[in-house]
There are 2 protein chains.
Amino acid sequence: MGITIKDIAKIAGVSTSTVSLVISGKGYVSETTREKVQVVIDEYNYKPSRSAQQLVSQCSGNIGFIISDIHLSRSEAFYTRILLGAELEARNYNMYILLSTVGDKIDIPAGIPRFINSQDVDGLIIAGSVPVALVEYVHKLRIPTVLIDFKVSQTNMDAVLMDNRDGAQQIVKHLVDLNISKIGFVGGSYYHPSIKERFEGYQTAMVLHGLGAIAQNSDYHYLIEYETSPECGQRGLLKILEKIPDVEAVICVNDTTATGCLQYVESINKKVPEEIKIAGFDNVNFSAITHPPLTTVNVPKVQMGVEALKLLMDRINNGQQVHQTRLIPVELIVRGSTVKNGS
Amino acid sequence: MGITIKDIAKIAGVSTSTVSLVISGKGYVSETTREKVQVVIDEYNYKPSRSAQQLVSQCSGNIGFIISDIHLSRSEAFYTRILLGAELEARNYNMYILLSTVGDKIDIPAGIPRFINSQDVDGLIIAGSVPVALVEYVHKLRIPTVLIDFKVSQTNMDAVLMDNRDGAQQIVKHLVDLNISKIGFVGGSYYHPSIKERFEGYQTAMVLHGLGAIAQNSDYHYLIEYETSPECGQRGLLKILEKIPDVEAVICVNDTTATGCLQYVESINKKVPEEIKIAGFDNVNFSAITHPPLTTVNVPKVQMGVEALKLLMDRINNGQQVHQTRLIPVELIVRGSTVKNGS
DNA sequence: TATTATCATCGAAACGTTTCGATATTATTA
DNA sequence: TAATAATATCGAAACGTTTCGATGATAATA
């Protein structure tokens with residue numbers, strides 16, 4: 001087939017060991033030899049065989065990327081961009097990403113991604129929530145693993161999370177700066193960790209700005225649905241308006257929910273942002289093209305994938321260190337849905 | 001490390017060759033030996049080392065999946081589902097999928113997915129449009145390749161396509177059955193192959209139903225934007241309404257564009273479907289939750305990924321046969337946006 | 001100058017499979 | 001019964017790397 005290290009060695013007039021040393025940059029090689037070999041490598045565009053490397057190094061060179069099929073199929077391309085980031089960074093380590101989806105119910109170990117039991121990955125990235133049993137399983141197997149946007153409380157593992165609390169606080173501050181105080185919160189289930197953090201960030205900030213009464217008043221909150229969705233947003237806003245007809249702003253737990261709110265406001269012929277302001281969270285790809293464009297919190301998705309991969313490679317290469325959590329900063333993006341009245 | 005074929009052989013009291021034969025199912029092995037070996041394999045949950053297999057077989061066991069980053073990041077999760085289908089089917093062949101995105105401009109060969117020049121894939125799936133130079137490059141390299149939803153006219157290659165013409169014709173027939181004749185067409189660029197086919201399917205069907213005059217009347221058509229988008233739908237419908245105020249229905253080239261039409265109709269206080277009917281194409285995940293829900297053409301995305309992988313494996317294993325195109329049937333899905341007036 | 005440390009290169013083993021012959025056994029045919 | 005064919009098993013080579021230890025050459029030190 002292709003050209004091998006032996007061919008290169010023969011042509012360059014050195015041993016295969018020397019060629020190997022040149023490629024890896026390890027050991028001692030004289031400058032003249034290094035150049036001589038490199039010229040031949042370049043000329044023949046030689047690339048070492050991965051399988052041979054893997055065989056001798058006992059590493060697969062692969063990273064497994066696990067995500068629930070629900071998350072991946074979501075329209076927001078949220079996790080897709082995280083995957084992209086991981087792939088981007090994987091190039092720097094000459095690793096490949098193997099993608100696998102899992103359902104929300106899986107048999108252990110029959111139903112888990114095949115690369116795990118086949119030992120075809122050196123580490124795992126798990127993005128978003130997956131069955132906890134799966135996480136525990138790979139943890140027990142001592143496979144280096146980094147969780148993204150997901151935390152399993154029992155097990156001590158590396159994780160990359162976004163600063164949900166801070167994001168929510170930034171939104172509240174922004175709204176308060178507009179002289180708004182009647183601020184509601186809509187979306188999903190309080191028991192989802194990210195949602196919980198966002199809600200708590202909202203509460204903290206409200207208290208901080210002297211709006212503790214509202215932060216504690218459940219009439220302002222809608223957190224009873226299992227899944228977030230536009231419909232959830234519609235129902236949530238409807239519910240809040242029943243109790244608080246003069247609510248001035250609603251913070252939605254994510255952009256998807258926020259679009260539902262926007263639609264509902266439009267359906268009752270109210271105006272955003274004049275009569276009510278709506279904010280989302282995530283800055284997914286459609287949030288700039290809603291009507292009006294949505295104020296939201298940007299979550300650097302690609303960067304989260306990058307960080308996760310870095311963290312994982314770090315763990316793979318120097319296994320022993322203490323587990324860490326990287327909190328990725330988020331940033332408020334103000335758009336039309338919360339601009340000041342009359343501006 | 002793990003358990004090897006030698007260990008299995010020793011425990012079972014046979015040679016490694018015999019174990020190999022049992023696993024692959026090739027050659028002659030007596031039933032008693034086969035069982036004896038299989039028991040040991042199962043007991044120790046032995047899995048052959050991929051790198052060793054790859055090394056000796058000179059196959060990577062990987063399939064490269066290439067997609068433009070624009071397509072992957074799109075909100076509709078269209079290509080994501082195709083990828084999912086490919087991954088699903090890859091399991092049956094014990095292959096892994098390596099994902100790589102490409103930009104719309106790439107240097108050849110510096111910027112191409114690294115698994116190509118590293119020879120880490122046995123074949124390629126290219127989903128959606130990518131730079132033609134890339135396709136020609138891999139074609140020249142004689143890497144087995146299947147295109148999905150993309151066709152490069154110069155080169156003869158395997159392809160999996162959806163039946164765009166038929167889908168458009170089904171929509172027209174459906175609308176004509178509702179006694180509608182003033183049917184417009186909106187979206188994107190005529191020079192995009194899929195869009196062209198859909199438009200031509202529309203024209204063919206119109207002629208077939210005696211509406212050739214409309215099919216030829218460009219006042220009914222908006223096909224001048226490079227990218228499809230909700231805004232494209234809005235602008236398109238606006239443009240058509242200027243010329244044809246009493247247009248009865250608009251077929252959009254995809255669901256994304258159709259949502260823009262829906263929004264525009266709502267903004268001018270017309271009613272869908274009473275005053276104007278809107279149809280999309282693709283059946284992406286949000287098309288059932290628009291207001292009203294969108295009539296569209298379902299494209300079996302997962303199945304397209306499955307078919308592509310099957311076709312590719314066929315080509316890898318029996319390279320010589322003639323190149324083929326698989327046309328995947330599509331199916332009209334009637335929803336609220338085109339139901340009969342008064343029903 | 002003799003000894004040791006550093007630098008440079010190489011040969012050979014090892015990684016875990018598959019597969020080609022070789023050999024031995026059994027079944028079939030002439 | 002002898003010759004051939006089919007079945008069953010195995011040993012060893014091969015796949016293309018990396019790395020350990022050996023060997024020399026050169027530089028630094030005593």
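The model shown is predicted, which means the values in this text are computed figures rather than measured ones.
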Peer 1: Round to the nearest Å and state the distance from A:Ile5 atom CD1 to D:dG16 atom P.
Peer 2: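 From A:Ile5 CD1 to D:dG16 P: 11 Å.
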Peer 1: Hey, are B:Lys140 and B:Glu136 close enough for a salt bridge, meaning a charged N less than 4.0 Å from a carboxylate O?
Peer 2: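 The answer is no: the pair does not qualify as a salt bridge.
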Peer 1: Please state how far atom CG in B:Asp7 lies from atom P in C:dG16, giving the value in whole angstrom units.
Peer 2: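 Interatomic distance, CG of B:Asp7 to P of C:dG16: 8 Å.
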Peer 1: Please check if atom CZ in B:Arg81 has more than 12 non-hydrogen atoms from other residues, nucleotides or ligands closer than 6.0 Å.
Peer 2: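 Counting other residues, nucleotides and ligands, CZ of B:Arg81 stays at 12 neighbours or fewer.
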Peer 1: CG of B:Leu55 versus C1' of D:dT17: gap in Å, rounded?
Peer 2: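 The distance from CG of B:Leu55 to C1' of D:dT17 comes to 8 Å, rounded to the nearest Å.
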Peer 1: Pair B:Val135, B:Thr145 - check side chain to side chain contact (heavy atoms under 4.5 Å, CB included), show working.
Peer 2: CA-CA 9 Å; B:Val135 179; B:Thr145 302; 5.9 Å; no
Peer 1: Could you state the atom-to-atom distance from NZ of B:Lys10 to P of D:dC10 in whole Å?
Peer 2: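 The answer, rounded to whole Å, is 14 Å.
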Peer 1: Just checking, any donor-acceptor pair under 3.5 angstrom between side chains of A:Asp122 and A:Ser60?
Peer 2: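 Yes, a side-chain donor-acceptor pair sits under 3.5 Å.
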Peer 1: Base, sugar-phosphate, or nothing for B:Thr4, non-hydrogen atoms under 4.0 angstrom?
Peer 2: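 Result for B:Thr4 = sugar-phosphate.
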Peer 1: Is the phosphate of C:dT19 approached by B:Lys26 (side-chain N or O, under 4.0 Å from OP1 or OP2)?
Peer 2: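 Looking at the OP1 and OP2 atoms of C:dT19, one of them is under 4.0 Å from a side-chain N or O of B:Lys26.
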Peer 1: Which parts of nucleotides 3-11 of chain C does protein reach within less than 4.0 Å, heavy atoms only, written one letter per nucleotide 5' to 3' as B for base, S for sugar-phosphate only and - for none?
Peer 2: ----SBBBB
Peer 1: Base, sugar-phosphate, or nothing for A:Ser49, non-hydrogen atoms under 4.0 angstrom?
Peer 2: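 The residue A:Ser49 makes sugar-phosphate contact but no base contact.
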Peer 1: Answer yes or no: is there an ion pair linking B:Glu307 with B:Lys301, defined by an N-O contact shorter than 4.0 Å?
Peer 2: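 Answer for the salt bridge query: no.
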Peer 1: Give me the residues of residues 115-123 of chain B where at least one heavy atom lies under 4.0 Å from an atom of DNA chain C, by number, or none.
Peer 2: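 Here the set is empty: none.
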Peer 1: Does the side chain of B:Thr101 reach to within under 4.5 Å of the side chain of A:Leu88, using non-hydrogen atoms?
Peer 2: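 No, too far: nothing below the 4.5 Å cut-off.
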Peer 1: Heavy-atom count around A:Lys151 NZ within 6.0 Å, excluding the residue itself: above 12?
Peer 2: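 No - once you tally the heavy atoms of other residues, nucleotides and ligands closer than 6.0 Å, there are 12 at most.
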Peer 1: Could you tell me how far apart A:Gln53 (CD) and C:dG16 (P) are, to the nearest whole angstrom?
Peer 2: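 One finds 16 Å between P of C:dG16 and CD of A:Gln53, rounded.
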Peer 1: When the distance from CD1 of B:Ile8 to C1' of C:dT17 is rounded to whole Å, what number comes out?
Peer 2: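 Rounded to whole Å, this separation is 13 Å.
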Peer 1: Tell me the interatomic distance from A:Lys6, atom NZ, to D:dT18, atom C1', rounded to whole angstroms.
Peer 2: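 Atom NZ in A:Lys6 sits about 13 Å away from atom C1' in D:dT18.
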Peer 1: Any side-chain heavy atom of B:Asp69 within less than 4.5 Å of one from B:Val102?
Peer 2: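 Counting from C-beta outward, B:Asp69 and B:Val102 never come under 4.5 Å.
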Peer 1: Establish, with yes or no, whether the OP1 or OP2 oxygen of D:dC15 is under 4.0 angstrom from a side-chain nitrogen or oxygen of B:Gln58.
Peer 2: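 Checking B:Gln58 against D:dC15: no side-chain N or O falls below 4.0 Å of OP1 or OP2.
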Peer 1: What is the distance from CD1 of B:Ile23 to P of D:dT9, rounded to the nearest Å?
Peer 2: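 Taking atom P of D:dT9 as the reference, CD1 of B:Ile23 is at 15 Å.
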Peer 1: B:Ser51: which residues meet the side-chain hydrogen bond (donor to acceptor under 3.5 Å, both in side chains) condition with it, sequence neighbours left out?
Peer 2: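 Partners of B:Ser51 under the side-chain hydrogen bond (donor to acceptor under 3.5 Å, both in side chains) test: B:Ser49.
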